[in-house]
S.K.: 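I have a structure here, written as structure tokens, and I will follow up with some questions on it.
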Protein chains: 2
Amino acid sequence: MADKAGGRRGRRAQGQGAEARPDEPILTRERIAATAVDMLDAKGLDGLTMRGLAEALGSGVMSLYWHVENKEAVFDLALDTVLEYRGPTALQDWRGDIVHVLEDWRATMLRHPWSALLLPRRALGPNILVRLERLSACLSAGGVADVDVNAAIWSLWNYVMGATVTRASFGPSDADREASQERLAELGTLYPSIGRSGLLLDDDWDGTFRRGLDFLLDGIAPKR
Amino acid sequence: MADKAGGRRGRRAQGQGAEARPDEPILTRERIAATAVDMLDAKGLDGLTMRGLAEALGSGVMSLYWHVENKEAVFDLALDTVLEYRGPTALQDWRGDIVHVLEDWRATMLRHPWSALLLPRRALGPNILVRLERLSACLSAGGVADVDVNAAIWSLWNYVMGATVTRASFGPSDADREASQERLAELGTLYPSIGRSGLLLDDDWDGTFRRGLDFLLDGIAPKR
DNA sequence: ACCTGAACACCGTTCAAGT
DNA sequence: ACCTGAACACCGTTCAAGT
């Protein structure tokens, strides 16, 4: 596709979205992060290679290693770039606030499906801590007892995590959907209960997410 | 380590655990699956290579491809092998039953941490459907309305999924733990709420799992 | 039907240099 | 301080054969 041997080195990357201002150095952690995100969005988790990344940035492969320890570090960088939280800061209705935080969380991750696969295996970056902090504050404001707060936070975390990871993986690919469609006849007899309820045919992901979240919040809400 | 060039071909694999009975063919889907599981247990997700798998089985690399489409298929095989559910079939206390199903689910996955990373990106194998079916039956038996059953199942699924994936990844490696320990001083000032509650210091994973699950089940339980 | 080695088109990263 | 190409030690998989 692109010219291979030609002297495109030192040139600016084009079309990959992360354009540098003319006076900026070609290689910075920020530009590396931004380009990695673009590449992950475009080609998925396995689509990111150091070689490809370098080419998109118009540099030699090994130049990256001056700015970045290794490929893992690139993943970390990309993940934290994507997870930045800018949300309203005013607290009002604690339950509504929590729903907002979690729906926003899920939405950002689904905008970059690779992030869902990535997050669980990385350490907690600052941008995730911000979100957890927010959650914690909401729960306390809602009157959840101190002893319950941690369990509540983790259960909410688990819930978004699970929902997002699931949705991100066999959500969009309809090959799976068709496969389950076909299997549905035998399903009804082999697994009567989930066959009857049409569990695998439900494609209202957003609605189901919201309804399950309500279950969880019902359980978390302080009893009176 | 092992002799490289020596004629070990056609010999049985030793020490890898998946010993063949002498009259059995060297390569079967079952032996491939079992050996893959052993290898994944021992060396993690990235530790499984077709070349290594073949060597452990005492065959040439390409011989595997007669029994198996590609590496993805090996993952599928290994995952489904591990997820087999043998649990009591008698229904009694619906809530206790659900807790049992989920704790067993989580426990089996944590016994093979790679499975937690793998499951979300694969289609639902038969052994997972068995567990979902079980869940569905429990919920109905518990009086959960038909309209709520699907949302309830998915929320439970999300919960185990998230909890297991999280625990499997930054659970056992204590490098992360130490890192967060160090960051705790600044944490208190940057993130007062989660600093105060010691969210990141909580290491009672089992207890937290159980308590969060109770929140969820409280919300799911039919109101009266 | 089942197994094989050689070869291809990739990887991430080390190293010894260049400016 | 920043960038580089060549080389190393791997990958998964195609292909044309062997029995």
Side-chain angles (χ1 to χ4, degrees), chain A residues 1-13 20 23-33 35-36 39-40 42-78 114 118 121-122, chain B residues 1-13 20 23-33 35-36 39-40 42-78 114 118 121-122:
Chain A
M1 274 231 143
D3 53 27
K4 270 304 260 299
R8 61 107 68 39
R9 225 145 290 120
R11 219 72 117 306
R12 295 285 131 87
D23 53 343
E24 240 179 350
I26 303 169
L27 250 35
T28 63
R29 283 176 77 86
E30 287 72 29
R31 290 228 326 130
I32 292 177
T35 311
M39 195 162 279
L40 284 164
K43 314 201 225 167
L45 250 194
D46 296 334
L48 179 70
T49 67
M50 296 302 272
R51 286 171 151 92
L53 187 56
E55 195 189 354
L57 284 161
S59 79
V61 201
M62 295 316 297
S63 312
L64 297 173
Y65 286 81
W66 179 261
H67 304 268
V68 133
E69 175 127 34
N70 50 25
K71 194 183 181 181
E72 292 284 281
V74 176
F75 280 135
D76 285 337
L77 233 39
W114 48 271
L118 222 44
R121 29 177 155 172
R122 327 255 117 218
Chain B
M1 270 224 156
D3 53 31
K4 273 297 263 292
R8 65 108 65 36
R9 224 145 291 121
R11 218 75 119 303
R12 296 283 133 87
D23 53 343
E24 238 179 351
I26 303 168
L27 250 33
T28 63
R29 283 177 75 88
E30 287 70 30
R31 289 228 325 131
I32 292 177
T35 311
M39 194 163 278
L40 285 163
K43 314 201 224 166
L45 250 195
D46 296 334
L48 178 70
T49 67
M50 296 302 272
R51 285 171 152 92
L53 186 56
E55 194 188 357
L57 284 161
S59 80
V61 201
M62 295 316 297
S63 312
L64 297 173
Y65 285 79
W66 179 261
H67 304 268
V68 134
E69 173 127 36
N70 50 24
K71 194 182 181 181
E72 292 284 282
V74 176
F75 280 134
D76 285 338
L77 233 41
W114 48 271
L118 221 45
R121 28 177 154 171
R122 328 254 119 221

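Just so it is clear, the values below take in all heavy atoms, side chains as well, and ignore hydrogens, waters and symmetry mates.
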S.K.: Starting at the 5' end of DNA chain C, what dot-bracket string do you get if Watson-Crick and G-U pairs under 3.5 Å are bracketed, crossing pairs use [ ], other-strand pairs use | and unpaired bases use dots?
M.R.: ||.|||||...|||||.||

S.K.: Closer to the 5' end of DNA chain D via nearest nucleotide, is it V61(A) or G52(B)?
M.R.: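 Of the two residues, V61(A) wins.
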
S.K.: Please list residues of residues 44-51 of chain B whose heavy atoms come under 4.0 Å from any atom in DNA chain C, ordered by number; otherwise none.
M.R.: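 Only R51(B) qualify.
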
S.K.: Starting at CG of L77(B), measure out to NE2 of H67(B) and round the result to the nearest 0.5 Å.
M.R.: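 It comes to 11.5 Å.
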
S.K.: Both L64(A) and N70(B) contact DNA chain D. Which one's nearest nucleotide lies toward the 5' end?
M.R.: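 Closer to the 5' end of DNA chain D: L64(A).
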
S.K.: For a 4.5 angstrom cut-off between non-hydrogen side-chain atoms, does K71(B) reach L53(B)?
M.R.: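 No; the side chains remain at least 4.5 Å from each other.
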
S.K.: Can you tell me how far C1' of dG12(D) sits from CD of E72(B), to the nearest Å?
M.R.: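 For the pair E72(B) CD and dG12(D) C1', the rounded distance is 11 Å.
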
S.K.: For the P atoms, the ones on dC2(C) and on dA17(D), what distance do you get once it is rounded to whole angstrom?
M.R.: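 Pairwise P distance, dC2(C) against dA17(D), rounds to 22 Å.
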
S.K.: Which whole-number value in Å describes the distance from E55(B) CD to dT4(C) C1'?
M.R.: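 About 16 Å, once rounded to whole Å.
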
S.K.: Taking all non-hydrogen atoms of both residues into account, name the closest pair between A54(A) and V61(A) and its distance.
M.R.: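 The answer is CB-CA, 3.5 Å.
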
S.K.: Within the structure, does a side-chain N or O atom of W66(B) lie under 4.0 Å from either OP1 or OP2 of dC3(C)?
M.R.: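 No, no such contact exists.
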
S.K.: With rounding to the nearest 0.5 Å, note down the distance linking CE in M50(A) to CD in E55(A).
M.R.: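 If we round to the nearest 0.5 Å, M50(A):CE and E55(A):CD are 14.0 Å apart.
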
S.K.: Once you round to the nearest 0.5 Å, how far does CD1 of I32(B) lie from OG of S63(B)?
M.R.: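 Reported value, rounded in 0.5 Å steps: 9.0 Å.
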
S.K.: Heavy atoms only: give me the nearest M39(A)-G47(A) pair and the separation to one decimal.
M.R.: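 That closest heavy-atom pairing would be CG-O, 4.3 Å.
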
S.K.: Below the 4.0 Å mark, does dT13(D) have OP1 or OP2 next to a side-chain nitrogen or oxygen of Y65(B)?
M.R.: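 So the side-chain polar atoms of Y65(B) do come within 4.0 Å of the phosphate oxygens OP1 or OP2 of dT13(D), strictly under.
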
S.K.: Mind calculating the distance between CZ (F75(B)) and C1' (dG12(D)) to the nearest angstrom?
M.R.: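 After rounding, the reported distance stands at 11 Å.
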
S.K.: State, to 0.1 Å, how close L40(A) and L45(A) come at their nearest heavy-atom pair, and which atoms those are.
M.R.: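 That would be CD2-CA, 3.9 Å.
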
S.K.: Pick the C1' atom in dC10(C) and in dA9(D), then give their distance to the nearest Å.
M.R.: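 Those two atoms are separated by 13 Å.
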
S.K.: Would you say H67(A) reaches dA1(D)'s phosphate, i.e. side-chain N/O to OP1/OP2 under 4.0 Å?
M.R.: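 Answer no for this pair, as no side-chain N or O of H67(A) is under 4.0 Å from OP1 or OP2.
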
S.K.: Distance check needed: dT4(D) P versus L57(A) CG, whole Å only.
M.R.: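 It is 11 Å, rounded to the nearest whole Å.
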
S.K.: Write down the distance between NZ (K43(B)) and C1' (dC10(D)), rounded to a whole number of angstrom.
M.R.: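 Distance check: K43(B) NZ to dC10(D) C1' gives 13 Å.
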
S.K.: Measure the distance from CG on L27(B) to P on dA1(C) and round it to the nearest whole Å.
M.R.: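 These atoms are roughly 17 Å apart.
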
S.K.: Can you check the M62(A) CE to dA17(C) C1' distance for me, whole Å?
M.R.: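 So the CE-C1' distance, M62(A) to dA17(C), works out to 13 Å.
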
S.K.: Under the side chain to side chain contact (heavy atoms under 4.5 Å, CB included) test, which residues partner E72(A), sequence neighbours left out?
M.R.: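 If we apply the side chain to side chain contact (heavy atoms under 4.5 Å, CB included) test to E72(A), skipping adjacent residues, the hits are N70(A), F75(A), R122(A).
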
S.K.: Can you find a pair of side-chain heavy atoms, one from L64(A) and one from L57(A), that are under 4.5 Å apart?
M.R.: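 Yes - at least one pair of side-chain heavy atoms lies under 4.5 Å apart.
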
